[in-house]
2 protein chains.
Amino acid sequence: MTSTTFSGEIPLEARTLAERVFQQLQDAIVRGELPAGSKITEPGLAQTYGISRGPLREAMRRLEAHRLIEREPHVGARVVKLSMRELLELFDMREALESMAARLAARHMTVEEVQALRDVLIAHEEQGDLDQAEAYYQREGDLDFHYLIVRGSHNRMLMTTLCDDLYYLVRLYRTQYSARGGRPQRAFIEHHRIVDAIASGDEELAEQLMRRHVIAARQTVAERYAMSLDEDRELPKGSRKALSGRTPST
Amino acid sequence: MTSTTFSGEIPLEARTLAERVFQQLQDAIVRGELPAGSKITEPGLAQTYGISRGPLREAMRRLEAHRLIEREPHVGARVVKLSMRELLELFDMREALESMAARLAARHMTVEEVQALRDVLIAHEEQGDLDQAEAYYQREGDLDFHYLIVRGSHNRMLMTTLCDDLYYLVRLYRTQYSARGGRPQRAFIEHHRIVDAIASGDEELAEQLMRRHVIAARQTVAERYAMSLDEDRELPKGSRKALSGRTPST
DNA sequence: ATTTCCCTGATTGTTGACAATACCCATGAC
DNA sequence: GTCATGGGTATTGTCAACAATCAGGGAAAT
């Protein structure tokens, strides 16, 4: 699979060069092929992708707007490097927006959409039992769950903000901190409760459950970070492998 | 005042052409000089601003990312036209993000920042009493209030999303529907209560008050819209002057 | 030895021209 | 009269070359 199949919108095989290279770069960044913090040089990338600098610069402008790269005039661009502070900020954004999405989903989702949501949950669990090491699908499956809820909100602005912006940052973070899905069983339970609330049309409950779900994930990340700092203090010269292994799925 | 003085970030006199024309276009769209729905042609704008199409296209790509224009490949771009549905979606986004901002502001704002907030409120009220017809400053003053709270959240991601994206859409809506600030006295009261909650560090209350504040504004818009539809039905051939006059300030 | 200055190389910003695509309107067939 | 079809024109997409700016290193002065 070359393209992500994630963005929901049909790729339409990208009618324009700038569009295509934008998607390719977005994917490359999120997958870690372009490492976080690495410098991006226009002639280099232009040659790599076999295009001119014109469309490339337009693609970079879009990446900049999506917060995936950072530019400084006359100096250059680098792949964004999420600090822990920014990661926690991201969780606050998700708490606000996804809880709203859950409320709207409880209000607007059709029975077919709710069924699709349950199907994803089931597939997600089977995948998790089947091959726990195959974290890639789990990660995507997890985001697919959240993604379906956001779509269920029937709020286009919310959809683009979350799916086109924030979720790519989430994936970038998971790549950057090599975060494989953690605390799966608890997340599964929470997912089920959220779906039930949505299915029963209980807006207030759906919002509240999603809010706590995101908060719990945020807290786990914060605690793991504090722990990694403690380890660093105990082993002052030790190689710091930040937040490796497992971080919570949401 | 050429530049908006609103975006908070120091303009730095825009080191690059693309940056400058982006800000100019952003301002022109929000102020209604480029009418909503009007087509944008690249050679035309390039000549208008005296630049080449290269930087112009980069600026347009940024405007597209900020949802101020809409592009279709090989066809062209037009200034976005906010439908009532999208406007209500915008209010949902604001409810989610600004209530979060208010909570974070109650947690993080310094006493100096709270004082600046009170100063803006006072100036806002004096302006409102002084010259009620001078709606421009009132509009900006109102947004400045919300803007300061968002800054007080000390969450950069929230700041850019609200101040760089959503608030420009709010201003565009106000221009598009020629919405002069309405229900001022009630909004004033609500603003004061929000500030008091923030000053006392009551996160829960600040969030809740801001949420209701946005919801009230949303509801007023929705009611006025329904009323305008009724008028249209009573006067079937009548010229429909959508939502003219007064819409709520927030 | 350290600091300052300048110079060189490379990268970014900008431009104008060329190619491809889509809209518009006129022409013709039914 | 209405609809399909074709060419002309304007606009968008892309490219390669030119100008402006910045980073790094070396030489000279203190």
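Labels below follow one simple rule: chain letters A, B, ... track the order of the sequence lines, proteins then strands, and each chain is numbered from 1.
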Anything under 3.5 Å between a protein N or O and an N or O of nucleotides 17-23 of chain C, put it in a table, one pair a line.
residue: dA22(C); atom: OP1; partner: R15(A); partner atom: NH2; Å: 2.4

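Checked against salt bridge (charged side-chain N to carboxylate O under 4.0 Å, His left out), E64(B) has the following partners two or more places apart in sequence or in another chain: R61(B). Under the salt bridge (charged side-chain N to carboxylate O under 4.0 Å, His left out) criterion, E89(A) pairs with R85(A), sequence neighbours left out. When the side chain to side chain contact (heavy atoms under 4.5 Å, CB included) test is applied to A59(A), the partners found at least two apart in sequence or on another chain are V21(A), F22(A). For L158(A), the side chain to side chain contact (heavy atoms under 4.5 Å, CB included) partners two or more places apart in sequence, or in a different chain, are L97(A), M100(A), A101(A), L104(A), S153(A), N155(A), L162(A), M93(B). Checked against side chain to side chain contact (heavy atoms under 4.5 Å, CB included), E42(B) has the following partners two or more places apart in sequence or in another chain: R53(B), L56(B), R57(B), M60(B), R71(B). With sequence neighbours left out, the side chain to side chain contact (heavy atoms under 4.5 Å, CB included) criterion links E113(B) to M109(B), T110(B), H154(B). Taking D92(B) as the reference, R218(B) meet the salt bridge (charged side-chain N to carboxylate O under 4.0 Å, His left out) condition, with sequence neighbours excluded. Not counting sequence neighbours, Q176(A) has no partner by the side-chain hydrogen bond (donor to acceptor under 3.5 Å, both in side chains) test.
Put simply, chain B comes within 4.0 Å of DNA chain D, heavy atom to any atom, from dT12(D) to dC22(D), going 5' to 3'.
Note on T16(B): a side-chain N or O is less than 4.0 Å away from OP1 or OP2 of dT14(C).
Each of I51(A) and I40(B) lies near DNA chain D, and the nucleotide nearest I40(B) is the one positioned closer to the 5' end.
Under the 3.5 Å distance criterion, with hydrogens and angles disregarded, a donor-acceptor pair is assigned to the side chains of S83(A) and E86(A).
With rounding to whole Å, K39(A) atom NZ is found 13 Å from dA10(C) atom P.
Every pair tested for ring pair (Phe, Tyr, Trp, His ring centres under 6.0 Å) that includes a residue from residues 25-49 of chain A fails, sequence neighbours excluded, so the list is empty.
Using a distance-only test at 3.5 Å, with no hydrogens or angles considered, a donor-acceptor pair links the side chain of R78(A) to the main chain of G37(A).
Sorted by residue number, the list of members of residues 56-66 of chain A with any non-hydrogen atom under 4.0 Å from DNA chain D is empty.
As judged by a 4.0 angstrom heavy-atom cut-off over every strand, P55(A) is placed among residues touching the sugar-phosphate backbone only. At a threshold of 4.0 angstrom between heavy atoms, the contacts of G54(A) with the nucleic acid are absent.
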